[in-house]
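For the numbers below, each heavy atom of this structure counts, side chains included, while hydrogens, waters and symmetry mates do not.
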Amino acid sequence: MDSSRYMTSAVAAVDMDEEYSTLDAEFRWLLENEVPAVLKQLYQLLDECFQKYFKDSGTDTQAMKPSKFILSSTNCTDNIKGVVTVFQDCVLSADIVLRLSRNPHHGLKVAIKDGSPWELNQMKDAENHLCLAIDSVSSKDDDFQFTSGREIIQFADTIIDHLSRAKKCLTNPKRRSVDEMYRAKHRKLFQPQLPADTVLNFYIQCNKLVLAAHQLHTPHTQKSTSGGVTGSGRNEHSPQYGKSGENGVRRYEVVSQQFAECLLPSLTDMLICLSLALQLCQQLKDKIIVFNQYGIGGW
């Protein structure tokens, strides 16, 4: 009986040793073959994204060119509409017509002329994070070889962080108060000058360029050395509609808001590119975690 148990245990131990050896060999193959292949694929994907959407076009026929788009009201009215020319991280020019609540039968026409572009900071931020990801991937040249699973996980987490931040720049616009939009230098780009009670703001929301128009009412003004309008701290998507705010400078009410948008195909492609790169990193990370569960990978 004891002999039988011993034989069973010995066979089990041999099987475990063989399984461990097989898994260890698979891990070594992954280090030497699959990881370099994934890094190469990842670099090509990210570099193509950068070259296509952020590199100065020059004579490169593959790079982006300035394109015109029609802004359409989100509520299917003519209260706000226009035409914009977009190139990379800038609105190069715009012709906009607004029908404000105080005079809905009269359209207010304003424009952004060539030579005074509206910079889309979200695009610039996304580019910066994308470049950080590219730099991290390119730092591992063809002769570099990871030595442990932990090292790969840390590297993948770094790339995932950069790419997630780049994607978030496009999908989650930074929240800005009405006061911030009122004081922004972009306000001075419009010709003729915007009325004192009107705020316009361009921003990116996923794969769309959005124009937000807010009409303000200032019941009374308090003395101040700084001037301006004090906002409620809400974002441009949902300012303090129909309510008032006050912070020692000027009291205001947001009495109306209008939104117009246009689809930017380049942003659709860019978000797909970022998602594919994130998927590559996560799949590689998941494979390493499986080996870690068996104690393989030099953790």
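Contact detail for Ile296 and Asp24: the closest heavy-atom pair is CD1-N, 3.7 Å. Of all heavy-atom pairs between Ile112 and Ser116, the closest is CG2-O, 3.2 Å. In terms of heavy-atom proximity, Pro192 sits nearest to Val110 at O-CG1, 3.9 Å. Taking each heavy atom of Leu30 and Pro36 in turn, the nearest pair found is O-CD, 4.2 Å. The minimum heavy-atom distance between Met181 and Arg187, with the atom names listed, is O-CB, 4.5 Å. For the pair Ala212 and Tyr203, the tightest heavy-atom approach, listed with the atom from each and the gap, is CB-CE2, 4.0 Å.
Between atom CG of residue Leu120 and atom CD1 of residue Ile204 there is a gap of 5.0 Å, rounded to the nearest 0.5 Å. For the atom pair Gln205 CD and Gln122 CD, the distance stands at 8.0 Å (nearest 0.5 Å). Between atom CG of residue Leu132 and atom CG of residue Asp161 there is a gap of 9.5 Å, rounded to the nearest 0.5 Å. Here the CG-CD distance, from Leu163 to Gln282, works out to 11.5 Å after rounding to the nearest 0.5 Å. Distance check, rounded to the nearest 0.5 Å: CG of Leu46 to CG of Leu130 gives 6.0 Å. To the nearest 0.5 Å, atoms CG (Leu284) and CG (Leu42) are separated by 9.0 Å.
Cation-pi geometry between Lys40 and Tyr43 is not satisfied (NZ or CZ under 6.0 Å from the ring centre, within 45° of the ring normal).
Counting heavy atoms from C-beta on, the side chains of Ile288 and Phe27 come closer than 4.5 Å. Counting heavy atoms from C-beta outward, His214 and Tyr182 have side chains that stay 4.5 Å or more apart. Two residues are said to be in side-chain contact when any heavy atoms from C-beta on lie closer than 4.5 Å; Leu31 and Ile152 meet this criterion. Residues His162 and Ile134 have side chains not in contact (no heavy-atom distance under 4.5 Å, counting atoms from C-beta outward). Side-chain contact between Val86 and Ser67 is absent, with no heavy atoms from C-beta onward closer than 4.5 Å. The shortest distance between side-chain heavy atoms of Lys113 and Gln191 falls below 4.5 Å. Two residues are said to be in side-chain contact when any heavy atoms from C-beta on lie closer than 4.5 Å; Ser164 and Lys168 fail this criterion.
Within 6.0 Å of the NZ atom in Lys140, the count of heavy atoms belonging to other residues, nucleotides or ligands exceeds 12. With a 6.0 Å radius and a threshold of 12 heavy atoms from other residues, nucleotides or ligands, Gln145 has its CD atom above the threshold. Shown here is Leu263, whose CG atom has more than 12 heavy atoms of other residues, nucleotides or ligands within 6.0 Å. For Glu34, the CD atom counts as densely surrounded, since its 6.0 Å shell holds more than 12 non-hydrogen atoms of other residues, nucleotides or ligands.
Val83 and Leu264 are members of different hydrophobic clusters when ILVMFWY side chains are connected at heavy-atom separations under 4.5 Å. In terms of hydrophobic clustering, with Ile, Leu, Val, Met, Phe, Trp and Tyr side chains grouped at heavy-atom distances under 4.5 Å, Leu278 and Tyr53 are assigned to a common cluster. There is a path of hydrophobic side-chain contacts, each under 4.5 Å, that joins Tyr294 to Phe291. Cluster membership for Leu271 and Phe54, using ILVMFWY side-chain heavy atoms within less than 4.5 angstrom, is shared. Placement of Val91 and Ile70 in two distinct hydrophobic clusters is found when ILVMFWY residues are connected by side-chain heavy-atom separations under 4.5 Å, directly or transitively.
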Salt bridge (Lys or Arg N to Asp or Glu O under 4.0 Å) between Arg99 and Asp78, worked out: CA-CA 8 Å; Arg99 297 186 186 279; Asp78 288 333; 5.9 Å; no

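No hydrogens or angles considered: a donor-acceptor pair under 3.5 Å links the side chains of Thr85 and Ser93. Inspection of the Thr147 and Glu151 side chains reveals an N or O donor paired with an N or O acceptor under 3.5 Å. Lys167 and Ser275 share a side-chain donor-acceptor pair at under 3.5 Å.
A salt bridge links Asp157 to Lys285: at least one charged side-chain nitrogen sits closer than 4.0 Å to a carboxylate oxygen.
Ring geometry for Phe190 against Phe202 counts as parallel: the plane angle stays under 30°, on a 0 to 90° scale with 60° as the upper cut. Ring-plane geometry between Phe155 and Phe146 is classed as tilted, the angle between the planes lying from 30 to 60 degrees on a 0 to 90 degree scale.
Of the possible donor and acceptor atoms, one in the side chain of Thr74 sits under 3.5 Å from a partner among the backbone N and O of Phe259.
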